[in-house]
Amino acid sequence: MPTLTLLATLSPPCNARTWSSAPHPHLPIIATACSDKTVRIYSLQNFQQQSTISGGHKRSIRSCAWKPNSRGESVLATGSFDASAGIWRRWEGGAGSAQAAEVDFTSGLAGGGEKDEDDDDEWRFAVILDGHDSEIKCVTFAPTAPLLATCSRDKSVWIWEELEDDNFETVAVLNEHEGDVKCVAWHPSEQMLASASYDDNIRLWSEDVDDWACCALLSGHEGTVWCVEFEDANNIYALGSSEDLNSKQQAYVQTRLKAGPRLISCSDDMTIRIWRRVPKDKPEQPAGQIKAPSIWKNRDFEEEWIEEARLPQVHERPVYTVSWSKKTGKVVSTGSDGKIVVYEERWKDANAANGDVVMSGGTPAPDVEDLSAEKVSGSEGHMGGLTEWVAVASVDNAHDVFEVNHVVWAPRADKGKRSEDEEVIVSTGDDGEVKVWTLDT
Amino acid sequence: MDADKDNANPTIINPSDLPSRRRSAPTAKRPGIFDALAPAYPSLADPLSSPEASSDSASSDEEREEIDEQEVYDLISTISDPEHPLSLGSLGVVKLDDILILPPTSPRSRISTVRVLITPTTSACSLTTVIGLGVKVRLVNALPPRFRVDVRIKEGTSRTADEVNKQLGDKERVAAAMENKSLVNVVNTMLATCE
């Protein structure tokens, strides 16, 4: 049974509530949004604070997000309870290394006209995005396009396009939620956005011809949905290589590949659910035809998503954050009860993957378990029930007796790193602390 | 002027009928007249009593500290109603019987829950959310952090109960409310009569 071990507490802690942390897309640093109106940037190599962003917001900073693919310069978006979002920039010169900061400090003391160099190491406030009527809850950059999404207590989701540096244009204001929008998350490869709300629903948004619109409504949660996140497309391979699978499992893998990345959500109702697109049964293309007529795309706009699985319920109070590892497909969750829990997806019957079925070649007579799975699944699109989620590790009182607001996977970067792909879990709590955990097997 | 209030003529409970420690725990030692003059040092004659056990229970040793419903009641009954110059206790908005303390759910957990049901003075009281916020803020500030504070509207006493319950249960909304100066002023005025 794996265990969660505390590796480090980032230093110094904030002396007020910390809300969430975002690992940098390629540097070994992490940004923490604090209720004292600052963002603290910590090194994941030596666990010390490296820089701070302050002075931009009048209230709590609730969320921050790094712009992907911004080599040479780091770009951070901040979302605040003051209803505005900020964009901040810093050259990447010595970023990520505590040594560089120290050199600058010494030269600053010497006072040898190093002002320019000093400025290079500083965060520069670039632009403020105004528009929301009340607290911004979440900000996030799209991985596939120069788009930023923000959401707010004003029940709206805004999509901003960065036309050129620091020139952001509103491309959509999406108003269909009936309560605060708590979280927004982009699809890893398609231009699709998911939003989670106080109205207990999740909505998926994509571009229909020229306008952004809601393409799916995912209802089922019985309380505020606090967080949503898409999985990485490669997660499917965490279940094992295809040669070892029986025919049913292979069919499930095919369904998953057709459906694309799934969505995970967590809620005030204490549950964590996984949602999957139902692939459309497109008619077979006639041999000569290469492309479907473009009108097809329009009729196709609305999507059907189903609740595929529910994770074992370990939390005893609202679940605030769930994070899906891009490397291992494992899920980590946390919430008001102060627990951090790690889950893993497995084939339901481990023995079925041993190859005897494949050896026999034909379609095996379905056993009792297969029948029950079929009942639940119905059509191919609804196929599920072949995998199960297991809680593999958990820790109680992760931040002493305080609530834990956020948890996220990040690449391990300190000297103790055991393998190239090793990840750590970073948790952010009401005690103002950010803690780093390893999953030891 | 009173006509503007949601409930211009609330029922007021006689102070002597309100629950208090003195009556509910008659065996408790009555304070002596010199107690206030001398600090409560542990008696040298009693080597078994630790300083923690004998000093003021509200200020020391979070782990061992026992907090009961009466103590929670005492913390919130003196909050002023935002509409009337009266306490929530005397208006019957908070009642001892509607306070419940739930112990940790497992031996590993150290988190207890305080559940308070509030009874608005009328079913249409628009200030219910503010009263609930005052109770929540008071308890979050006064109790040790191991307590989770759930403030809810007593069933059947308000038409907007579900809506108010959801707001009071939403950590993010409560946090944002406490950064709103005008709301903070209202809550501070309500809490000014405590202690």
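Proteins get letters first, then strands, A, B, ... in listed order; numbering begins at 1 in each. Note that this is a predicted model, so its numbers are computed, not measured.
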Novice: Within the structure provided, determine whether A/Asn405 and B/Lys171 are in side-chain contact (heavy-atom separation under 4.5 Å).
Specialist: yes

Novice: Go through the atoms of A/Phe81 and report whether side chain, backbone, both or neither lie under 4.5 Å from a heavy atom of chain B.
Specialist: side chain

Novice: Indicate yes or no: does B/Lys166 engage A/Asp180 in a salt bridge with an N to O separation below 4.0 Å.
Specialist: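 No, no charged N to carboxylate O under 4.0 Å.
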
Novice: Drop me the distance from A/Arg317's CZ to B/Ser109's OG, to the nearest 0.5 angstrom.
Specialist: 10.0 Å

Novice: Flag the pair A/Asp337 and B/Arg148 as a salt bridge only when some basic side-chain nitrogen lies within less than 4.0 angstrom of an acidic carboxylate oxygen.
Specialist: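 Salt bridge absent between A/Asp337 and B/Arg148.
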
Novice: Which value, rounded to the nearest 0.5 Å, describes the distance between A/Ser35 atom OG and B/Met178 atom CE?
Specialist: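 Nearest 0.5 Å value for the OG-CE distance: 13.0 Å.
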
Novice: How many angstroms lie between OG in A/Ser60 and CD in B/Glu172, if you round to the nearest 0.5 Å?
Specialist: 9.5 Å

Novice: For the pair B/Asp170 and A/Arg153, find out whether any cationic side-chain nitrogen is under 4.0 Å from an anionic carboxylate oxygen.
Specialist: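 No.
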
Novice: Step through the shown structure and confirm whether more than 12 heavy atoms of other residues, nucleotides or ligands are within 6.0 Å of CG on B/Asp162.
Specialist: no

Novice: A quick test of your reading: do over 12 heavy atoms of other residues, nucleotides or ligands sit less than 6.0 Å from CD of A/Glu178?
Specialist: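 12 or below, so no.
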
Novice: Given that the side chain runs from C-beta out, which part of B/Gln167 has a heavy atom under 4.5 Å from chain A: side chain, backbone, both or neither?
Specialist: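 Contact with chain A: backbone and side chain both.
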
Novice: Would you name the heavy atoms of A/Tyr198 and B/Glu163 that are closest together and state the gap between them?
Specialist: OH-O, 4.2 Å

Novice: Which region of A/Ser336, side chain (C-beta onward) or backbone (N, CA, C, O), has a non-hydrogen atom less than 4.5 Å from a non-hydrogen atom of chain B, or is it both or neither?
Specialist: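 Contact with chain B: backbone and side chain both.
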
Novice: Roughly how far apart are A/Glu316 CD and B/Ile111 CD1, rounded to 0.5 Å?
Specialist: 8.5 Å

Novice: About how many Å separate CD of A/Glu135 and CZ of B/Arg173, when rounded to the nearest 0.5 Å?
Specialist: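 It is 8.0 Å, given to the nearest 0.5 Å.
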
Novice: Using modelled atom types and a 3.5 Å cut-off, is there a donor and acceptor pairing between side-chain atoms of A/Asn397 and backbone atoms of B/Arg108?
Specialist: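 Yes.
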
Novice: Heavy-atom cut-off 4.5 Å, strictly under: side chain, backbone, both or neither for A/Tyr320 against chain B?
Specialist: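 Side chain only.
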
Novice: Step by step, work out the side chain to side chain contact (heavy atoms under 4.5 Å, CB included) result for B/Arg110 and A/Asp400.
Specialist: CA-CA 9 Å; B/Arg110 287 156 51 209; A/Asp400 193 29; 2.7 Å; yes

